Each structure stands twice: as C-alpha cells, then as structure tokens.
Amino acid sequence: MAGAAEEIRVGERVVRVSSPDKPYFPERGLTKLDVVRYFLAVGDGILRALRDRPTMLERWPRGVFEGAKIATRQDNRGDAFYQKRLPAGAPDWVRTAHITFPSGRTADEVAPSELAVVIWAANLGTLRFHPWPVSAADVERPDQLRIDLDPMPGVEFAQVVPVAHEVRAFLDELGLTGYPKTTGGRGLHIYLSIEPRWSFGDCRRAVLALGREMQRRLPDLVTTTWWREQRDRPVFVDYNQMSRDHTMASAYSIRPTPRALVSAPLAWAELDDARPEDFDVVSMPARFAERGDPHAGLDEGRHSLEPLLELADREGLEAPPER
DNA sequence: GATATGC
DNA sequence: GCATATCAACGCCGG
DNA sequence: CCGGCG
C-alpha cells in the first residue's frame with residue numbers, strides 16, 4: 001500500500017517514518033524517505049556535527065515547494081518553522097540540554113546523542129540542524145569557534161575563497177587549525193575546536209579580532225561592519241555568529257531550496273576547485289562513502305583562545321553591543 | 001508532523 | 001473514524 | 001507599531 005509508514009532500524013532504535021512517499025523536493029523528485037536515507041548515508045558526519053550539542057530544528061513538514069516560507073515572529077503562518085524546545089511526544093531516548101537565552105529565559109533543546117535522534121527529527125520534517133557551539137556538558141562555554149564568511153548580495157563563492165585562504169594562513173601563524181565547509185549557498189564557514197574555557201563574549205571578541213585582522217590584510221575584500229548599508233566590501237566576517245543563541249546550519253544540513261544543496265565539509269586542498277552547487281542530497285552520499293568526513297579531525301586538538309584574545313586586547317577591542 | 005477536540 | 005484547529009523561535013534597537 | 005539584523 002502506497003504511503004504506509006515505514007519503520008527503520010537505527011542502531012538500537014526503531015524510528016517510524018510517516019508518509020515516506022511525500023514529495024519533499026518535487027523538482028528533484030526527492031521524497032521524505034529520500035531525505036531520511038540521505039541522513040543515514042552521512043550519519044557519522046552529521047552526528048559528529050551535532051553530538052551532544054543543543055540543537056534547534058528547522059522543520060519543513062510540508063516539503064519545499066514554490067512559494068513555501070518559514071514562519072516568523074510577526075507572521076505566525078508559514079509552511080515551515082524553527083523549533084527550539086523539545087517537540088511534544090519525543091521518545092524517551094531523545095536527550096536534551098538546558099540552555100539559557102540572552103534574556104535569561106531558558107529551554108530544553110534537543111541534544112542528539114545518537115543517529116536515531118537525527119532520523120527521528122528528519123521524520124518531523126527537519127532539513128536543517130542548528131547546533132550551539134557548546135556541549136551539553138557545559139552550555140556556558142563554547143568548545144567551538146565559528147567563523148562565518150558571508151558574501152554580500154551578488155558576490156560569488158569564488159570571491160570568498162581568497163578570504164578563506166587568508167583566514168587559514170592567519171590561524172596557522174597562531175598555531176590554530178580551522179576546518180572549512182560550504183553553507184550550500186555562496187558562503188563559507190570555518191570551524192575551530194577550542195578548550196571550553198571562555199565565555200560567549202570572549203569567543204565573539206576573538207572572532208571580531210580575527211575579522212579585523214582580515215580587514216587589515218584584505219581591505220578590498222573584507223568588512224566587519226554590522227550594518228548592511230555600510231558594508232562596502234564583498235565579504236562580511238559575521239562575528240555576531242558567536243553570540244549566545246546564535247547558530248549556524250550544521251555540516252550536512254539540507255538547504256530548504258529546490259535543488260536540495262547541502263552544507264559540505266571540505267579539505268583545504270579542495271577549496272579552490274569546490275563548487276557549492278555540486279554538493280546536494282543526491283551527490284553527497286557517494287562522496288561521503290568514498291572519502292569520508294573531511295571534518296573527522298575537528299575535535300582532535302582543542303586550541304587555546306589566548307592568541308586571538310591577546311590580539312583583541314592589543315587592538316583594544318570591545319565587543320560592540322549585540323544586535 | 002503530532003496532538004487534542006468535537007461530532 | 002474523520003475533520004478541524006492548534007502548535008512548533010530567539011530579542012533588541014531605532015524610526 | 002513596524003522593519004532591520006542573523
């Protein structure tokens with residue numbers, strides 16, 4: 001019978017997938033079950049990106065179709081929505097982390113401990129996962145520094161690449177190792193494992209210091225100006241991404257656009273020839289099977305933030321008020 | 001997508 | 001049993 | 001109150 005729910009074994013768990021034939025990316029002919037199979041195929045990778053991190057779900061339970069939009073604060077209606085708090089009816093093996101928002105309000109957010117949690121979330125229509133840069137073990141001290149190279153409208157991925165190389169060179173000078181990934185759009189994210197010893201404020205200040213250094217080195221390419229109107233350079237280093245409650249879509253997350261592009265972890269050697277549009281729900285499983293996860297080493301060496309904080313101090317950087 | 005309700 | 005409604009994000013700032 | 005900011 002078409003449309004019957006399926007039960008999929010994931011490790012020790014059995015996860016129900018309802019409406020497996022439902023079109024999720026109609027232009028690509030991809031169904032909800034195809035999405036589930038994608039996440040299974042990149043399982044080790046996406047679990048590495050999410051494990052034990054408080055994670056916001058971006059749910060598209062009606063699929064991605066022409067004109068579909070996500071609900072916002074002022075417009076409740078929407079075909080999709082973000083979900084910070086644990087969905088009602090979750091199995092008891094879905095773990096959470098208790099996180100605190102800037103206002104002081106709190107929430108119990110999903111913190112995936114095993115791949116079955118990812119698949120359970122996929123059944124709820126989750127395409128993108130937005131993990132905090134912290135572990136459930138210490139939700140106040142980031143263990144990951146995230147650098148967001150955000151191209152302005154009309155700027156191509158290729159223009160971000162030289163900035164990424166300069167970031168890598170600078171990190172290398174400081175003895176730090178970053179790991180790049182495409183966003184699935186035109187941007188690039190660079191992640192760095194750090195010891196969980198510093199506050200969100202210090203981490204944000206560290207990324208601001210790095211951004212300002214890039215601005216000095218590549219004045220024609222880089223801006224760190226928050227206000228769009230004043231961003232007169234092609235690449236914005238978004239240091240506010242290290243603010244509390246700010247998250248980036250994880251590696252292997254699926255963009256809610258017709259082509260089903262995904263955020264693709266890269267080796268540095270791949271960067272010059274990489275094309276974000278080559279990585280999607282269909283192509284990524286083979287790539288992952290062949291070469292594994294380029295971010296496999298991300299957590300192996302945790303770095304000190306001191307070099308960047310010393311730079312921030314030398315520059316007299318105060319983190320501007322967060323907005 | 002899941003749940004609660006009302007018929 | 002089926003149809004219908006409801007819910008599922010964070011917050012601050014400036015005009 | 002609404003729009004801008006991610």
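Both backbone and side-chain heavy atoms feed into the values below; hydrogens, waters and symmetry mates do not. Note that the structure is predicted; figures quoted are calculated from it, not measured. Throughout, protein chains are lettered first and strands after them, A, B, ... in sequence-line order, and every chain is numbered starting at 1.
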Visitor: Taking atom P of dA8(C) as reference, at what distance in whole Å does atom NE2 of H130(A) sit?
Guide: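 My rounded result for the distance is 18 Å.
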Visitor: Please give, in whole Å, the distance from dC5(D) P to Q230(A) CD?
Guide: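 In whole Å, dC5(D) P lies 10 Å from Q230(A) CD.
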Visitor: Which part of the nucleic acid, if any, lies within contact of F81(A), taking any heavy atom under 4.0 Å across all strands shown: a base, the sugar-phosphate backbone alone, or nothing?
Guide: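 F81(A): base contact, heavy atoms under 4.0 Å.
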Visitor: Nearest to the side chain of M56(A) - dG1(B), dA9(C), dG11(C)?
Guide: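 Closest nucleotide among those given: dA9(C).
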Visitor: Remember a base hit wins even if backbone is also touched, and classify D150(A) as base, sugar-phosphate or nothing at under 4.0 Å, heavy atoms.
Guide: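 Nothing: the residue D150(A), judged by heavy atoms under 4.0 Å, touches no strand.
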Visitor: Cation-pi check for F157(A) against R186(A): NZ or CZ below 6.0 Å from the six-membered ring centre and within 45 degrees of the axis, yes or no?
Guide: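 No; the conditions do not both hold, so R186(A) does not lie above the ring face of F157(A).
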Visitor: Nearest-Å distance, CD (Q83(A)) to C1' (dT3(B))?
Guide: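 Rounded to the whole Å, the gap is 13 Å.
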Visitor: Where the side chain of K84(A) is defined as all heavy atoms beyond and including C-beta, which of dG1(B), dC10(C), dG6(D) is the nearest nucleotide?
Guide: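 So the nucleotide nearest the side chain must be dC10(C).
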Visitor: Out of dG6(D), dA2(B), dC10(C), which nucleotide sits closest to the side chain of D245(A)?
Guide: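 The answer is dC10(C), which lies nearest to the side chain.
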Visitor: Can you tell which of dA8(C), dG1(B), dC5(D) lies closest to the side chain of R228(A)?
Guide: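 So the nucleotide nearest the side chain must be dC5(D).
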Visitor: Ignoring backbone atoms, test whether R146(A) places a side-chain nitrogen or oxygen under 4.0 Å from the OP1 or OP2 oxygen of dG6(D).
Guide: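 No.
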Visitor: Output the rounded distance in Å from CG (D21(A)) to P (dG1(B)).
Guide: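 So the CG-P distance, D21(A) to dG1(B), works out to 12 Å.
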Visitor: When you measure from the side chain of S103(A), which nucleotide among dG1(B), dC5(D), dC12(C) comes out closest?
Guide: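 Taking heavy atoms from C-beta onward, the closest nucleotide is dC12(C).
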Visitor: Should R59(A) be listed as having a side-chain N or O under 4.0 Å from OP1 or OP2 of dG1(B)?
Guide: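 Result: no.
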Visitor: Round to a whole Å and report the spacing from CE of M248(A) to C1' of dC5(D).
Guide: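 Answer to the nearest Å: 15 Å.
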Visitor: Taking only residues two or more places apart in sequence, or in another chain, which ones meet E213(A) in a side-chain hydrogen bond (donor to acceptor under 3.5 Å, both in side chains)?
Guide: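 Result, side-chain hydrogen bond (donor to acceptor under 3.5 Å, both in side chains) vs E213(A): R216(A), R217(A).
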Visitor: What is the separation between atom CH2 on W60(A) and atom P on dA8(C), rounded to the nearest whole Å?
Guide: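 So the two atoms are 18 Å apart, to the nearest Å.
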Visitor: Quick check: closest heavy atoms across D293(A) and G45(A), and the distance to 0.1 Å?
Guide: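 Closest approach of D293(A) to G45(A), heavy atoms only: OD2-CA, 3.6 Å.
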Visitor: May I ask you to verify if any side-chain N or O of R244(A) is less than 4.0 angstrom from the OP1 or OP2 atom of dC10(C)?
Guide: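 R244(A) to dC10(C) OP1/OP2: no side-chain N or O under 4.0 Å.
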Visitor: From the options dG11(C), dA2(B), dG1(B), select the nucleotide whose nearest atom is closest to the side chain of R16(A).
Guide: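 Selected nucleotide: dA2(B).
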Visitor: Could you tell me whether S18(A) contacts a base, only the sugar-phosphate backbone, or nothing, with contacts defined as non-hydrogen atoms closer than 4.0 Å?
Guide: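 The answer is sugar-phosphate, as S18(A) gets under 4.0 Å only of primed atoms, P, OP1 or OP2.
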Visitor: Between K22(A) (NZ) and dG1(B) (C1'), how many Å, whole number?
Guide: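 It is 8 Å, rounded to the nearest whole Å.
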Visitor: Could you walk me through whether F25(A) and F65(A) pass ring pair (Phe, Tyr, Trp, His ring centres under 6.0 Å), step by step?
Guide: CA-CA 7 Å; F25(A) 292 92; F65(A) 52 90; over 10 Å; no
Visitor: As a test of reading the structure: which of dA9(C), dC5(D), dG1(B) is closest to the side chain of K32(A), going by heavy atoms?
Guide: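 Per side-chain heavy atoms of K32(A), the pick is dG1(B).
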Visitor: Could you work out which one of dC5(D), dG11(C), dG1(B) sits closest to the side chain of S19(A)?
Guide: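 Taking heavy atoms from C-beta onward, the closest nucleotide is dG1(B).
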Visitor: Could you tell me whether R62(A) contacts a base, only the sugar-phosphate backbone, or nothing, with contacts defined as non-hydrogen atoms closer than 4.0 Å?
Guide: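 The residue R62(A) makes no contact with any strand.
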Visitor: Quick one: does NZ or CZ of R146(A) land under 6.0 Å from the six-membered ring centre of Y191(A), within 45 degrees of the ring axis?
Guide: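 Judged by the rule, R146(A) and Y191(A) form a cation-pi pair.
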Visitor: What are the two closest non-hydrogen atoms of L192(A) and G178(A), and how far apart are they?
Guide: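 Closest approach of L192(A) to G178(A), heavy atoms only: CD1-N, 4.2 Å.
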